[in-house]
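Below is one structure, written out as structure tokens; comments come after it.
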Amino acid sequence: MVRKGLSVLIVLMSLCLLLPSCSKEEHGAEGLVAQPYVFTDGRMGLSVFFLEDGSGDSSVQLRLTSPDGSLVWNLAAEKQVFDGTAYLGSSAAVMPEGSEGLAKGAWKLEVIYKDGTVLERVFDVFYGDAAKAIASYLESGGTEAVYDVDENLTVLGI
């Protein structure tokens with residue numbers, strides 16, 4: 001009985017020595033880009049993208065949390081290429097109907113990889129007058145998405 005216990009202990013200790021040599025693939029969520037947007041009907045949302053880390057892990061999930069913690073989006077990341085650079089992220093975080101607009105302040109993004117790695121990033125969201133950006137868009141006869149530099153908002157027609 002003692003021998004069996006000793007054998008089990010030796011096997012467990014051997015496994016413990018081997019475990020540090022196995023490591024998860026390194027993931028990153030660098031180059032974070034967050035852009036608030038507004039539809040011409042006043043609804044607002046947020047696009048969040050980060051540099052693809054080259055791991056080939058395309059099944060990334062995102063958890064986006066508003067500054068006060070009252071709103072949380074669980075989103076599947078999608079790959080987008082901007083100016084030849086691959087990013088992962090989502091533009092699907094739209095504020096609920098009847099909300100007062102997009103919250104300004106420190107948002108939290110959690111990037112969840114299929115191997116269990118979770119990376120957390122905190123970033124600030126700021127923008128100017130949404131009504132002014134919409135009016136400018138409509139005055140110009142906009143039909144495509146337009147970035148309003150003065151208000152730091154992308155305006156989208158509906």
Side-chain angles (χ1 to χ4, degrees), residues 16 19-140 142-158:
C16 288
L19 285 177
S21 66
C22 300
S23 63
K24 291 183 180 179
E25 188 170 340
E26 291 292 320
H27 293 292
E30 305 308 318
L32 182 69
V33 178
Q35 179 58 51
Y37 61 86
V38 62
F39 293 99
T40 53
D41 67 359
R43 291 177 298 137
M44 296 189 78
L46 185 63
S47 292
V48 180
F49 286 87
F50 55 92
L51 289 170
E52 186 178 41
D53 64 9
S55 69
D57 192 348
S58 60
S59 61
V60 176
Q61 296 292 311
L62 307 175
R63 183 176 300 125
L64 184 62
T65 306
S66 65
D68 66 0
S70 65
L71 296 172
V72 177
W73 290 264
N74 291 304
L75 308 162
E78 55 190 50
K79 183 177 178 177
Q80 297 287 330
V81 178
F82 300 107
D83 293 330
T85 303
Y87 289 85
L88 290 174
S90 177
S91 293
V94 179
M95 295 298 291
E97 203 161 314
S99 65
E100 293 291 318
L102 186 68
K104 295 177 183 177
W107 285 68
K108 181 170 76 170
L109 174 67
E110 293 169 274
V111 181
I112 306 158
Y113 290 91
K114 68 181 174 187
D115 68 1
T117 302
V118 178
L119 300 175
E120 184 177 306
R121 299 290 183 261
V122 176
F123 60 94
D124 287 325
V125 170
F126 63 93
Y127 58 91
D129 187 337
K132 189 174 176 182
I134 293 168
S136 176
Y137 176 84
L138 294 173
E139 286 173 14
S140 70
T143 57
E144 297 179 9
V146 173
Y147 175 65
D148 186 318
V149 175
D150 296 330
E151 306 305 328
N152 188 38
L153 277 169
T154 299
V155 183
L156 305 167
I158 52 174

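- Thr85 pairs by the side-chain hydrogen bond (donor to acceptor under 3.5 Å, both in side chains) definition with nothing, not counting sequence neighbours.
- Residues Trp107 and Val122 fail the side-chain proximity criterion, which asks for heavy atoms closer than 4.5 Å.
- Using a 4.5 Å cut-off on side-chain heavy atoms (C-beta onward), Val48 and Leu64 make contact.
- Between atom CG of residue Leu109 and atom CG of residue Leu62 there is a gap of 5.5 Å, rounded to the nearest 0.5 Å.
- Side-chain contact check for Tyr37 versus Leu153: every heavy-atom pair is 4.5 Å or farther apart.
- One distance of note links OG of Ser47 with CD of Gln80; it measures 9.0 Å at 0.5 Å rounding.
- For the side chain to side chain donor-acceptor pair (under 3.5 Å) condition, the pairs that include at least one residue of residues 147-158, sequence neighbours left out, are Tyr147-Asn152.
- Contact of the Leu88 side chain with the Phe50 side chain is registered, since non-hydrogen atoms from C-beta on lie closer than 4.5 Å.
- Residues Arg63 and Trp73 have side chains not in contact (no heavy-atom distance under 4.5 Å, counting atoms from C-beta outward).
- Partners of Glu120 according to the side-chain hydrogen bond (donor to acceptor under 3.5 Å, both in side chains) rule, which considers only residues two or more places apart in sequence or in another chain, do not exist here.
- Here the shortest heavy-atom pairing between Pro36 and Ala34 reads CD-O, 4.1 Å.
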Give every donor-acceptor pair under 3.5 Å between a side-chain atom in residues 94-103 and any protein atom, sequence neighbours left out.
residue	atom	partner	partner atom	Å
Ser99	OG	Pro96	O	2.9

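- Few gaps surround CZ on Phe82; more than 12 heavy atoms of other groups in view lie less than 6.0 Å from it.
- Phe49 is listed as a side-chain neighbour of Ser91, based on a closest heavy-atom distance under 4.5 Å.
- Contacts classified as side chain to side chain donor-acceptor pair (under 3.5 Å) and involving residues 122-140 (residues at least two apart or in different chains) are not found.
- Between Ala130 and Val38, the shortest heavy-atom contact is CB-CG2, 4.3 Å.
- For Lys79, the salt bridge (Lys or Arg N to Asp or Glu O under 4.0 Å) partners at least two apart in sequence or on another chain are Glu52.
- For the pair Ser70 and Asp68, the tightest heavy-atom approach, listed with the atom from each and the gap, is OG-OD1, 2.7 Å.
- By the 4.5 Å heavy-atom criterion applied to side chains, Thr40 and Leu156 are not counted as neighbours.
- Side chain of Ser59 to backbone of Lys114: no donor-acceptor contact under 3.5 angstrom is found.
- Note: Leu46 CG to Leu71 CG = 11.5 Å, rounded to the nearest 0.5 Å.
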